[in-house]
Amino acid sequence: MDKTQIKNILNIILTYAKKVFFSKVLITACIGAVWLIFLCDNSVMDYLQYQMKVRQLTSEVNYYKRQIADCNAKMESMRSDWASLEKYAREQYYMKRKNEDIFIIKN
């Protein structure tokens with residue numbers, strides 16, 4: 001055998017090896033990607049769902065912080081101003097003075 005025949009045989013073997021190796025690697029990579037995206041316990045889908053839940057809970061936390069701040073402001077105004085405390089008691093708890101009557105009108 002001369003050098004050209006050996007080169008041709010090596011090229012054929014190398015080409016075949018590349019095709020087989022590339023196809024096996026590609027199949028393995030696809031299976032691994034499907035596994036990571038959908039099937040494992042820490043999959044990408046679970047991660048995305050957790051991120052959406054974190055965003056939702058963060059917005060709820062911010063909403064309740066604003067509500068607490070509003071309630072604290074109302075409480076401070078009621079502590080310092082007798083008229084606002086009386087207004088709140090009359091509107092929320094239908095309290096009245098001894099010589100008054102209350103009429104509740106609902107739509």
Side-chain angles (χ1 to χ4, degrees):
M1 279 190 167
D2 61 346
K3 285 186 176 183
T4 57
Q5 288 178 339
I6 294 175
K7 277 188 177 182
N8 287 339
I9 293 172
L10 286 177
N11 280 337
I12 292 171
I13 292 173
L14 186 61
T15 305
Y16 180 73
K18 282 182 184 179
K19 286 181 184 179
V20 170
F21 178 75
F22 183 71
S23 65
K24 286 183 181 180
V25 169
L26 185 62
I27 291 170
T28 306
C30 290
I31 291 172
V34 167
W35 178 265
L36 286 176
I37 291 173
F38 298 109
L39 302 175
C40 75
D41 291 338
N42 298 322
S43 69
V44 174
M45 299 300 285
D46 290 340
Y47 175 76
L48 294 175
Q49 289 175 350
Y50 294 147
Q51 287 299 319
M52 287 186 344
K53 187 72 173 175
V54 165
R55 278 191 224 111
Q56 176 191 2
L57 292 174
T58 303
S59 67
E60 286 182 22
V61 165
N62 291 334
Y63 169 76
Y64 287 119
K65 282 182 180 180
R66 286 192 303 270
Q67 290 292 91
I68 289 171
D70 291 343
C71 288
N72 285 338
K74 279 184 185 179
M75 194 167 55
E76 275 302 313
S77 71
M78 285 186 222
R79 283 183 183 158
S80 63
D81 186 21
W82 178 257
S84 65
L85 179 62
E86 183 179 358
K87 178 183 175 188
Y88 183 78
R90 286 174 177 263
E91 289 175 356
Q92 297 298 317
Y93 299 108
Y94 307 115
M95 292 185 170
K96 65 180 186 86
R97 292 188 179 140
K98 288 184 180 181
N99 59 353
E100 291 180 335
D101 292 326
I102 294 180
F103 297 99
I104 299 172
I105 301 171
K106 293 186 177 181
N107 296 356

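Values below: all heavy atoms of this structure, side chains included; hydrogens, waters and symmetry mates excluded.
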Problem set entry | Euclidean distance, R66 CZ relative to I68 CD1, rounded to 0.5 Å | 11.5 Å
For this session: Count the heavy atoms of every other residue, nucleotide or ligand shown that sit under 6.0 Å from CE of M75, and state whether that count exceeds 12.
Result: yes
For this session: Report yes or no: do I31 and V44 belong to one cluster of Ile/Leu/Val/Met/Phe/Trp/Tyr joined by side chain heavy-atom distances under 4.5 Å?
Result: no
Exercise. Does N42 CG have over 12 foreign heavy atoms under 6.0 Å away?
Worked result: no
Exercise. How many angstroms lie between NZ in K18 and CG in N11, if you round to the nearest 0.5 Å?
Worked result: 8.5 Å
Problem set entry | Student check: side-chain heavy atoms of R90 and K87 closer than 4.5 Å | no
Exercise. Applying the 4.5 Å side-chain criterion to the ILVMFWY set and letting contacts propagate, would Y93 and L85 be lumped into a single cluster?
Worked result: yes
For this session: Report the distance from atom CD of E86 to atom CD of E91, rounding to the nearest 0.5 Å.
Result: 11.0 Å
Problem set entry | Shared hydrophobic cluster for Y50 and L36 (ILVMFWY, side-chain gaps under 4.5 Å) | no
Problem set entry | Point-to-point distance, once rounded to the nearest 0.5 Å, from CD of Q49 to NZ of K53 | 11.0 Å
Problem set entry | Cluster check Y64, V61: I/L/V/M/F/W/Y, side chain < 4.5 angstrom | no
Problem set entry | Student check: side-chain heavy atoms of L57 and E60 closer than 4.5 Å | yes
Seminar exercise, completed: The reported gap from CG in N8 to OG1 in T4 (rounded to nearest 0.5 angstrom) is 6.0 Å
Problem set entry | Residue pair D46 / D41: nearest heavy atoms and the distance that separates them | OD2-O, 3.2 Å
Exercise. Quick one: does F38's side chain get under 4.5 Å of S43's, heavy atoms only?
Worked result: no
Problem set entry | More than 12 heavy atoms from other groups under 6.0 Å of NZ on K96 | yes
Exercise. Are L39 and Y47 co-members of a hydrophobic cluster defined by side-chain heavy atoms under 4.5 Å apart?
Worked result: yes
For this session: Give, for atom CH2 of W82 and atom OG of S84, the distance between the pair rounded to the nearest 0.5 Å.
Result: 10.0 Å
Exercise. Less than 4.5 Å apart, any side-chain heavy atom of L10 and any of I6?
Worked result: yes
